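Here is the structure we will look at.
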Amino acid sequence: MEEFRKYAGEMLDFIERSPSCFHAVANVAEMLKAQGFRELKESEDWEFSRGEGLYVIRNDSSLIAFRMPTAPKNWESPQGFHIVASHSDSPSFKVKEDPEMAVEEHYLKLNTEKYGGMLLSSWMDRALSVAGRVAVRDGNDVKAMLVNLDRDLLVIPNLAIHMNREMNKGVEYNPQVDMLPLYADCSQGEKKDILRERIAQELGVLKEDILGQDLFLYVRDKGRILGENGEYVLSPRLDDLQCVFSSVKGFLEGKSSRYINVCAVFDNEEVGSGTRQGADSTFLEDTLLRVAQGLGENHGEFLRLVAGSFLISADNAHGVHPNHPEKADPTNRPYLNGGIVLKYHGSQKYTTDAMSGAKIRSLCEKAGIPCQTYANRSDVPGGSTLGNISTAHVSVESADIGLPQLAMHSAVETAGVKDTKYAVELFRAFYQQ
Ligand code: ZN
């Protein structure tokens, strides 16, 4: 159990340091740099030697890392790409431009909007703060700076039960009315731009030099291990930072003599992936093509590499719920601590099929990792994820997996303490092939 807790603890620490997608990507870059990886810029020519580990970032919020095969004699002809894809973003509230709203000259609250589909009620009555990216004037240019107001700052207060007796019978929350966070007491006189002033202070820049913002609320709850025997983890953003952390760790540990290993972390999965840096962009295709070109491969050889490739789409899965076991499929029933979840979907929202699923199963078998299966109930439409979106751009054999969790898209989610270690082991085995 000690080993399992070690992996889970590291994962929770990674999540705590990653209050926004921008921070998650910066932390992944740090993990890579610490192992000698070097950053390439999309706007520059790519030059790299064949033994190098490299990564490229788009929009500060998506990252693709790759490593060449290790054996010199095989450098001439890698077999393909071994790719794991996960996502850096989680449902949250985006702070709007010009967000400050005074209420009766006493309260100052922030105007926000939903980012992704979260369980709204779970965000209430918790300490919250603000993190993300701001655009700061830099001479004649503009530079991006990450910001995390690392203190208890905001709260979205519930309405008292006395003011709505129907509350426990189910309530419809209006995001423009019910979900705005209380920020400050402004009864001492009108103030303007307090949040921007606070951010400027935090970054040591002038308020006037902040020209843009991508700021999100995040819950201040620390990840923790709980249960009679410490069987579970409770943390914000397990979807999908648990898979981000596990895939990067497995990527750093697993070296292949025949495949180009690729670890991709995409932003904007929670809003459909259709952005310049999302899975539904050319980011993966562009990167793989430039890697192949850097190795001196022509287009035909690039297509040969793609044909020999495999992609694991790694995004968390629904475990059987202790209070609602009937919500799970009657026969495909993943449990927390039960290991890797292979996801299947008849209409192929999940890319797993007989062949790709078999490859994951046999990897798990060889590495001694438990493996379970997920399918939606036939009368419930499920969510979609990265796999079939990515493979629309780079058409490679693919399987969808995840780690079992409860309360997906709640402000804090519950998962098994053992499953992070299983995921790292699977990814390591995949990358070692
Ligand atoms: Zn997800």
Side-chain angles (χ1 to χ4, degrees), residues 11-12 14-15 18-25 27-28 61-63 83-94 114-120 122-123 216 218-219 223 233-248 263-275 277-281 283-284 311-319 321 334 336 340-345 348-352 374-376 380-391 398-416 419-420 423 426-427:
M11 182 271 296
L12 294 176
F14 173 81
I15 291 180
S18 306
S20 78
C21 55
F22 304 107
H23 292 83
V25 160
N27 288 326
V28 170
S61 61
S62 292
L63 178 149
I83 309 161
V84 179
S86 57
H87 66 90
S88 60
D89 62 325
S90 302
S92 174
F93 293 88
K94 187 157 197 274
K114 277 167 55 183
Y115 174 88
M118 73 284 273
L119 289 163
L120 289 169
S122 68
W123 280 74
F216 297 90
Y218 71 93
V219 300
V233 293
L234 176 71
S235 169
R237 302 183 294 284
L238 286 171
D239 172 18
D240 188 32
L241 295 185
Q242 193 178 14
C243 285
V244 171
F245 171 81
S246 311
S247 63
V248 173
C263 185
V265 181
F266 291 110
D267 190 11
N268 300 131
E269 193 276 340
E270 300 294 356
V271 292
S273 297
T275 57
Q277 62 279 358
D280 199 0
S281 73
F283 188 30
L284 182 61
L311 179 140
I312 299 178
S313 161
D315 195 0
N316 270 2
H318 303 293
H321 195 287
L336 306 196
I340 305 300
V341 181
L342 256 175
K343 304 185 201 175
Y344 292 86
H345 187 252
Q348 291 297 294
K349 280 213 169 146
Y350 302 133
T351 56
T352 320
Y374 174 87
N376 298 321
V380 178
S384 68
T385 178
L386 300 156
N388 67 347
I389 296 172
S390 300
T391 54
S398 172
D400 272 90
I401 69 151
L403 300 176
Q405 68 160 97
L406 305 174
M408 190 178 284
H409 292 191
S410 177
V412 290
E413 303 169 322
T414 299
D419 297 316
T420 302
L426 170 66
F427 296 134

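Computed from a predicted structure; not experimentally measured. As the structure lists them, so they are numbered: ligands from 1, and atoms in each ligand from 1.
- Classified by interplanar angle (parallel below 30°, tilted 30° to 60°, perpendicular above 60°), the ring pair Tyr350/His345 is perpendicular.
- Geometry note: the Zn ion (ligand 1) is the vertex, His87 NE2 and Asp315 OD1 are the arms, and the angle is 90° (rounded to 10 degrees).
- Looking at Ser313 and Asp400, their side chains do bring a donor and an acceptor atom within 3.5 Å of each other.
- His87 and Asp239 are linked by a side-chain donor-acceptor pair at a separation below 3.5 angstrom, with hydrogens and angles left out of the test.
- Nearest N/O/S atom of Asp239 relative to the Zn ion (ligand 1): this is OD1.
- Between Phe216 and Tyr115, the ring planes are perpendicular. Angles over 60° get that label, and only those under 30° would be called parallel.
- Taking backbone and side chain together, Asp240 holds no N, O or S atom under 2.8 Å from the Zn ion (ligand 1).
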